[in-house]
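Down below is the structure, laid out as structure tokens.
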Amino acid sequence: MYLQKINLKNKYALVTGAGKGLGKACSIALAEAGATVIALSRTPSDLDKLEKQIKKIKGKVIKVPCDVMDYEDLKKKIDKIKIIDVLVNNAGLALGRDSFEVADIDDWDTMINTNVKGLLYVSKAVMPLMIANKKGHIINIGSTAAKDMYQFGNVYCGTKAAVDAISHTMRIDLLPHQIKVTAIHPGAAETEFSLVRFKGDENKAKQTYNGFKALSAKDVADTVYYCGTLPEHVCINDLVIT
Ligand code: 8X3
């Protein structure tokens, strides 16, 4: 081992969208590494299941049932937490894969609100804690859809391109506060992602992963763990994983 990795014991890591998929895998990986995971999800039953899994591995978790789109509620709940060392902005989704002219406006709103505004709101609410602590690490989960736009990806690709750009500008603005910003862009990962995108259509969801071996949630979680435990002066800025 060449790098002196950061020990996550006594560190607090907030993960959004912690109840399922990548967020759940990240929460478990960080708890395994000794961090106290502040698990944020709008589905309390998912948080209860996550808590059971984390307790099984003798990890520590604080459940925060909250919607990333509700800034006032977020602010109230995050203000009560005294320290956040790592923030994993994972909450996000794709809805539909339709040509622009027939795509659903409600789907667009939900994606923009969750993937872009949600990320901004959570980061903004966490900011005072990291600034007071004079350090912090924000890890934004983007997507290869930010880098290689595809047919019918329209607004989903747009939201992830926004995450890419926002990560870049956050990194510049927050550097004086010693806050690192990493964007991790996973390609297709076999989670509930496609089932959500295709609104429960299992056939369509399965077809997404035909003909290649997709990433698993654990593959991405391991990368988050790696980036999140680098020494304070080392920041992976932008990482694409397929
Ligand atoms: C997930 C990657 O290719 O399904 O963000 O859009 S893809």
Side-chain angles (χ1 to χ4, degrees), residues 13-31 33 35 37-42 46 50 64 66-69 74 84-95 110-126 136-149 153 155-171 174 179-194 196-197 214-230 235-242:
L14 191 157
V15 181
T16 68
K20 285 197 171 76
L22 301 185
K24 184 173 185 178
C26 289
S27 301
I28 292 168
L30 294 169
V37 173
I38 301 148
L40 202 141
S41 161
R42 57 184 178 156
D46 285 347
L50 175 70
V64 182
C66 191
D67 189 334
V68 294
M69 288 182 268
L74 267 173
I84 293 174
D85 298 284
V86 181
L87 162 62
V88 182
N89 272 315
N90 158 76
L93 79 172
L95 282 176
T110 308
M111 287 188 282
I112 292 167
N113 288 336
T114 313
N115 302 2
V116 184
K117 287 177 156 182
L119 179 143
L120 292 171
Y121 291 171
V122 176
S123 306
K124 186 86 167 158
V126 165
H137 191 180
I138 299 174
I139 300 176
N140 292 331
I141 304 297
S143 165
T144 48
K147 307 284 189 183
D148 298 306
M149 278 74 185
V155 171
Y156 178 66
C157 293
T159 62
K160 290 300 184 175
V163 170
D164 196 14
I166 290 165
S167 302
H168 196 152
T169 53
M170 276 172 119
R171 187 176 312 116
L174 300 178
I179 297 170
K180 303 197 285 187
V181 180
T182 296
I184 295 178
H185 301 281
E190 203 158 358
T191 61
E192 295 88 345
F193 177 86
S194 291
V196 171
R197 174 172 231 172
L215 293 167
S216 71
K218 280 188 176 174
D219 297 328
V220 180
D222 195 59
T223 306
V224 168
Y225 164 74
Y226 178 79
C227 292
T229 49
L230 287 169
C235 182
I236 290 186
N237 296 337
D238 200 52
L239 186 151
V240 177
I241 172 172
T242 55

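Both backbone and side-chain heavy atoms feed into the values below; hydrogens, waters and symmetry mates do not. Everything numeric in this text was worked out from a predicted model, so none of it was measured.
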Show every donor-acceptor pair shorter than 3.5 Å between a side-chain atom in residues 136-144 and any protein atom, with sequence neighbours excluded, or say none if there are none.
from: His137; atom 1: NE2; to: Thr182; atom 2: OG1; distance (Å): 2.8
from: Asn140; atom 1: OD1; to: Asn89; atom 2: ND2; distance (Å): 2.9
from: Asn140; atom 1: ND2; to: Ser167; atom 2: OG; distance (Å): 3.0
from: Ser143; atom 1: OG; to: Ala145; atom 2: N; distance (Å): 2.8

Contact summary for [X] and [Y], nearest pair of heavy atoms:
X      : Y      : answer
Thr16  : Ala91  : OG1-N, 2.8 Å
Cys227 : Ile184 : SG-CD1, 4.0 Å
Arg171 : Asn237 : NH2-O, 2.7 Å
Ala162 : Val116 : CB-CG2, 4.0 Å
Ala146 : Asp164 : CB-CB, 4.1 Å

Counting only N and O atoms by type, is there a donor-acceptor contact under 3.5 Å from the side chain of Thr191 to the main-chain atoms of Ala217?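 No, because the side chain of Thr191 does not come within donor-acceptor range (under 3.5 Å) of the backbone of Ala217.
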Measure from the side-chain N and O atoms of Thr169 to the backbone N and O of Ile166, and report whether any donor-acceptor pair falls under 3.5 Å.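 Answer holds: yes.
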Could you tell me if the side chain of [Y] sits less than 4.5 Å from the side chain of [X], heavy atoms only?
X     : Y      : result
Val88 : Leu22  : no
Lys20 : Leu93  : no
Val68 : Leu119 : no

If you round to the nearest 0.5 Å, how far is [atom2] of [Y] from [atom1] of [X]?
X      : Y      : atom1 : atom2 : result
Asp238 : His168 : CG    : NE2   : 8.5 Å
Leu95  : Thr114 : CG    : OG1   : 7.5 Å
Lys218 : Ile28  : NZ    : CD1   : 8.0 Å
Leu40  : Leu87  : CG    : CG    : 9.5 Å
Lys160 : Met149 : NZ    : CE    : 12.0 Å

Could you check whether Ser216 and Asp219, counting side-chain N and O atoms only, form a donor-acceptor pair closer than 3.5 Å?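 Side-chain D/A pair, Asp219 to Ser216: present.
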More than 12 heavy atoms of other residues, nucleotides or ligands under 6.0 Å from CZ of Arg42: yes or no?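 12 or below, so no.
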Assess whether atom NZ of Lys117 is packed by more than 12 heavy atoms of other residues, nucleotides or ligands within 6.0 Å.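 Open: at most 12 neighbouring heavy atoms sit under 6.0 Å from NZ of Lys117.
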Apply the test side-chain contact (heavy atoms from CB on, under 4.5 Å) to residues Ser123 and Leu120: give CA-CA distance (whole Å), side-chain angles for both, the deciding distance (0.1 Å), then the verdict. CA-CA 5 Å; Ser123 306; Leu120 292 171; 5.9 Å; no
Check Leu239, Ile236, Leu215 against Thr223 for a side chain to side chain contact (heavy atoms under 4.5 Å, CB included) and give me the one that passes.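 Only one option passes, and that is Leu239.
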Asp67: salt bridge (charged side-chain N to carboxylate O under 4.0 Å, His left out) partners, not counting sequence neighbours: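 Here no residue qualifies.
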